[in-house]
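What follows is one structure encoded as structure tokens, with my remarks underneath.
Numbering of ligands and ligand atoms starts at 1, following listing order. Everything numeric here is computed off the predicted structure, so don't read it as measured data.
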Amino acid sequence: MQRVGFIGLGIMGQGMVSSLIRNGYSVRVWNRSREKARALFRELPFAESPRALAEQSDVVISCVADPAAVERVVFAEDGVLAAARPGFAYVECSTVSPGLVRRIAQAFEARGAQALEAPVTGSKLGAQNGSLLFMTGGDPALHSALEPLLRSMGTRAIHCGESGQGALMKLVGNSLISFMLEGLCEGLTVARKGGLPIATVLEVIQAAGFASPYFAFKGAAIEARDFDTHFSIDLLVKDQSLMLAEAAEQRTPLPGLAAIREVFQAARAQGLGAADISAVVQVVERAAGL
Ligand code: NAP
């Protein structure tokens, strides 16, 4: 069986590593904060650096915060790339730009290794219970070879095309989430001011043609005022910014997303950056005088 290395024990990485262990994989880890990793997975071997992890693994999966984190993990002197060799595979699950994904793929290919992008959706609970959806980009044969590994952490892996297409798909998805969540928050706020109970609003939404599991999930969290972080506002703003930058390169205006990002920026300015994205409702409510 493949020796698997995993980088990034954040909200997503913790659940993904647990899924790999449940499925019998032998896993080694590296995380920027070593003590956090030890507290979470005391029994797992911890590598000294991403490079050392890659030297001891056949495949390394990374799920870290943002482009700066990926740059560090891959391209630093002690990064994964330094240990790339024929037969080695790197899997990028972080949400970053299509351009960075393509640069990574080319760098690994230049060393005779391979890289597959596999950004993910399903959030904290999907990571914990192994029901993630992966959107891959890169060599279809590499996708097929790595599918059993991905499927040990999720229910599906959809090949989206060449390197960068997975990242593009992921940004489209998070753009849609932004609209759905901000729309829900605006609707709930007007309903609340108008005396319509949130439970009634959610019941009707879920019985309607525009029902969505996403409205049910985030609606319930807002109703319970439970803003425990599944996906942080900081990281959604990162994805909105990546999407706006990608669209700008294509000379494609995104007036809706640009306006919505400002609502989430206001949440960050009010100290809610680390809170769950559903906490953005507080910004909408404050603006409404609630
Ligand atoms: P998170 O809980 O904030 O964890 C971030 C991870 O990245 C931590 O392991 C952190 O290390 C590491 N990191 C941050 N900056 C770093 C740097 N400069 N160098 C090395 N490591 C660094 O984030 P998450 O929610 O797990 O998300 C991880 C990725 O998955 C992000 O790209 C996110 O957009 C994407 N994603 C998230 C969700 C979700 O619902 N949460 C869903 C789909 C995709 P420390 O432990 O040292 O802080």
Report task. May I ask you to identify the nearest protein heavy atom to atom 43 (C) of ligand 1, giving residue, atom name and distance to one decimal place in Å? Result -> Val120 O, 3.1 Å
Query raised in the report: Heavy atoms only: which of Ala65, Pro50, Ala68, Pro119 is nearest to atom 6 (C) of ligand 1?
Result: Ala65
Query raised in the report: To the nearest 0.1 Å, how far is atom 45 (P) of ligand 1 from its closest protein heavy atom, and which atom is that?
Result: Ser33 OG, 3.5 Å
Report summary line: Checking heavy-atom distances from atom 3 (O) of ligand 1 to each of Val64, Ile11, Leu235, the winner is Leu235
Requested in this report: Return a yes/no value for Met12: is any of its N or O atoms, backbone included, closer than 3.5 angstrom to an N or O of ligand 1?
Outcome: yes
Report summary line: So the atoms of ligand 1 within less than 4.0 Å of a heavy atom of Thr95 turn out to be 32 (O), 34 (O), 35 (C), 44 (C)
Query raised in the report: Is any N or O atom of Thr121, backbone or side chain, closer than 3.5 Å to an N or O atom of ligand 1?
Result: no
Query raised in the report: With a 4.0 Å cut-off on heavy atoms, is Gln14 touching ligand 1?
Result: no
Query raised in the report: Do Thr189 and Arg192 have a side chain donor and acceptor closer than 3.5 Å?
Result: no
Query raised in the report: Is the NZ or CZ atom of Arg103 both under 6.0 Å from the centre of the six-membered ring of Phe75 and within 45° of that ring's axis?
Result: yes
Query raised in the report: If you measure only the distance, is there a donor-acceptor pair under 3.5 Å linking the side chains of His159 and Thr136?
Result: no
Query raised in the report: Just checking, any donor-acceptor pair under 3.5 angstrom between side chains of Glu35 and Ser33?
Result: no
Query raised in the report: Does the side chain of Asp139 come under 3.5 Å of the side chain of Gln114 through a donor N or O and an acceptor N or O?
Result: yes
Requested in this report: Report, in ascending order of atom number, the atoms of ligand 1 lying under 4.0 Å from any heavy atom of Lys238.
Outcome: 31 (C), 32 (O), 33 (C), 34 (O)
**Report entry** Short N or O distance, Lys170 and ligand 1, threshold 3.5 Å exclusive
**Finding:** no
Query raised in the report: Side chain, backbone, both or neither: which part of His230 has a heavy atom under 4.0 Å from ligand 1?
Result: backbone
Query - Residue and atom name of the nearest protein heavy atom (relative to atom 21 (N) of ligand 1), distance in Å to one decimal - result: Arg32 CB, 3.7 Å
Query raised in the report: What protein heavy atom is closest to atom 40 (O) of ligand 1, reported as residue, atom name and distance in Å?
Result: Ser123 OG, 2.6 Å
Report summary line: For Gly8, the ligand 1 atoms with a heavy-atom partner under 4.0 Å come out as 9 (O)
Query raised in the report: Is there any N or O on Leu9 that sits under 3.5 Å from an N or O of ligand 1?
Result: yes
Query raised in the report: Tell me: protein heavy atom nearest atom 30 (O) of ligand 1, and distance?
Result: Cys63 SG, 3.4 Å
Query raised in the report: So which protein heavy atom does atom 46 (O) of ligand 1 come closest to, and at what separation?
Result: Lys36 NZ, 2.6 Å
Query - Which residue and heavy atom of the protein sit nearest atom 4 (O) of ligand 1, plus the separation - result: Gly10 CA, 3.3 Å
**Report entry** Residue and atom name of the nearest protein heavy atom (relative to atom 22 (C) of ligand 1), distance in Å to one decimal
**Finding:** Ala69 CB, 3.6 Å
Query raised in the report: So, is Asp66 polar-close to ligand 1, with some N/O to N/O distance under 3.5 Å?
Result: no
Query raised in the report: Considering only heavy atoms, does Asn31 approach ligand 1 within less than 4.0 Å through its side chain, its backbone, both, or neither?
Result: side chain
Query raised in the report: So how far is it from Phe227 CZ to Ile222 CD1, rounded to the nearest 0.5 Å?
Result: 6.5 Å
